[in-house]
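Here the structure comes first, spelled out in C-alpha cells, and everything after it is commentary.
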Amino acid sequence: MIPNNNAGTQYDGPAITLDKDYLIEVTADALTIMESAPGVRIYVNDQIGWGDNMRLYAWGSGLPELFGGWPGAAASGTETVGTVTYKYFQTAPESYGLTYNLIFNNKVDAVPAEQQVQFDGPQVTLTKDIFIDVKPNAATFAVQ
C-alpha cells in the first residue's frame, strides 16, 4: 500500500493480504492497520414459509442477547447465493468468535397465537458466515 494525497506527498505502507476486512487509519505521515473482526451473517433458507414473520432469537451463557430481547429480530435483508434466496441476520463485529444458541420463531402480532411456533436451531460460533435451512420444526446447517 502506498498512501498519497495526489499532490506529491506519499509514503510506503505495509503489505497486506486481502483475506479479511481491515480498519486502516491514515495520517499525514503514517498508516496504521488495525485488524477489524467483521460481523457474521446468518443466512436462512426459509423452507417453512414464515416470510416476514420469521424472527431469530440468540442467547449465549453469560452473553448479551444477540438480536435483542424475545422474540428476536426480523431478517436484516435478503441475498441470493447460487440459486437460493436467503434471509440474512447481520451480527455486530463485537460478537465475533462468541457462541450462541439459536431459536427460530414466528411469535409476532400478525400471527394468531394458535399458529405461533418456536423451535431450537443449532448452536453456532460466529467465526464465519453460517447457512441454515429452516424446515417445519427443524433448523439444520445447509451445505455450503
Side-chain angles (χ1 to χ4, degrees), residues 1-6 11-144:
M1 297 181 66
I2 302 175
N4 69 76
N5 68 356
N6 289 327
Y11 53 89
D12 291 338
I16 62 171
T17 301
L18 297 177
D19 61 347
K20 57 187 155 198
D21 293 336
Y22 292 91
L23 177 62
I24 300 173
E25 180 180 60
V26 179
T27 63
D29 57 357
L31 180 145
T32 305
I33 295 179
M34 299 170 279
E35 290 191 25
S36 172
V40 168
R41 283 187 174 180
I42 300 173
Y43 288 91
V44 177
N45 180 359
D46 178 11
Q47 297 178 14
I48 198 168
W50 283 346
D52 292 339
N53 295 324
M54 178 179 280
R55 297 295 181 267
L56 179 56
Y57 177 78
W59 63 275
S61 182
L63 298 174
E65 297 163 309
L66 186 59
F67 299 115
W70 182 259
S76 304
T78 60
E79 184 175 331
T80 300
V81 179
T83 60
V84 178
T85 299
Y86 291 90
K87 292 177 170 69
Y88 68 84
F89 297 82
Q90 182 69 48
T91 68
E94 57 270 14
S95 65
Y96 187 84
L98 300 178
T99 300
Y100 281 91
N101 301 287
L102 305 181
I103 300 176
F104 291 92
N105 69 86
N106 67 345
K107 298 199 175 236
V108 295
D109 291 339
V111 177
E114 65 275 4
Q115 294 176 7
Q116 293 181 2
V117 178
Q118 75 180 59
F119 57 89
D120 292 340
Q123 184 180 70
V124 297
T125 300
L126 303 174
T127 57
K128 62 181 180 178
D129 290 343
I130 299 163
F131 290 81
I132 298 174
D133 290 331
V134 176
K135 301 173 183 175
N137 299 315
T140 58
F141 290 108
V143 176
Q144 285 297 316

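Side chains included, hydrogens not; waters and symmetry mates left out as well; all remaining heavy atoms used. Sequential numbering from 1 along the given sequence is applied to the chain's residues.
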What pair of heavy atoms forms the shortest contact from Ala110 to Asn53, and how long is it?
CB-OD1, 3.9 Å
Chi angles and distances behind the side chain to side chain contact (heavy atoms under 4.5 Å, CB included) call for Tyr86, Asn45:
CA-CA 5 Å; Tyr86 291 90; Asn45 180 359; 3.7 Å; yes
Give the minimum heavy-atom separation between Lys87 and Ala75, together with the two atoms involved.
CB-CB, 3.8 Å
Of all heavy-atom pairs between Ser95 and Ala92, which one has the smallest distance, and what is that distance?
OG-O, 2.6 Å
Side chains of Lys107 and Gln118, heavy atoms from C-beta outward: is any pair under 4.5 Å?
yes
If you look at every heavy atom in Arg55 and Gly72, which pair is closest and at what distance?
CD-O, 4.0 Å
For the residue pair Tyr43 and Tyr88, categorise the inter-ring angle as parallel (less than 30°), tilted (30 to 60°) or perpendicular (more than 60°).
tilted
Would you confirm whether Asp129, through its side chain, and Arg41, through its main-chain N or O, come within 3.5 Å as a donor-acceptor pair?
yes
Stepwise side chain to side chain contact (heavy atoms under 4.5 Å, CB included) test for Trp59 and Asn101
CA-CA 5 Å; Trp59 63 275; Asn101 301 287; 3.3 Å; yes
One pair to check against side chain to side chain contact (heavy atoms under 4.5 Å, CB included): Ile42 and Leu126. What are the steps and the verdict?
CA-CA 9 Å; Ile42 300 173; Leu126 303 174; 4.3 Å; yes
Look at the side chain of Gln116 and the backbone N and O of Val108, then say whether any donor-acceptor pair between them is shorter than 3.5 Å.
yes
Give the intermediate values and the outcome of side chain to side chain contact (heavy atoms under 4.5 Å, CB included) for residues Phe119 and Ile48.
CA-CA 12 Å; Phe119 57 89; Ile48 198 168; 4.1 Å; yes
Validation row: Val124, Val40 side chains within 4.5 angstrom (heavy atoms)
no
Determine the minimum heavy-atom distance between Phe89 and Ala73, stating which atoms define it.
CE2-O, 3.2 Å
Less than 4.5 Å apart, side chain to side chain, heavy atoms only: is that true for Met54 and Val134?
yes
If you measure from NZ on Lys135 to CG on Asp46, what distance do you get to the nearest 0.5 Å?
12.5 Å
Between Val44 and Phe104, is any pair of side-chain heavy atoms under 4.5 Å apart?
yes
Under 3.5 Å, side chain of Tyr57 to main-chain N/O of Leu102, donor-acceptor pair present?
no
Does Trp50 offer a backbone N or O that forms a donor-acceptor pair with the side chain of Asn106 under 3.5 Å?
no
If every non-hydrogen atom of Ile132 is compared with every non-hydrogen atom of Ile130, which pair is closest and at what distance?
CG1-CG2, 3.8 Å
Just wondering, do Phe131 and Val81 contact through their side chains at under 4.5 Å, heavy atoms?
yes
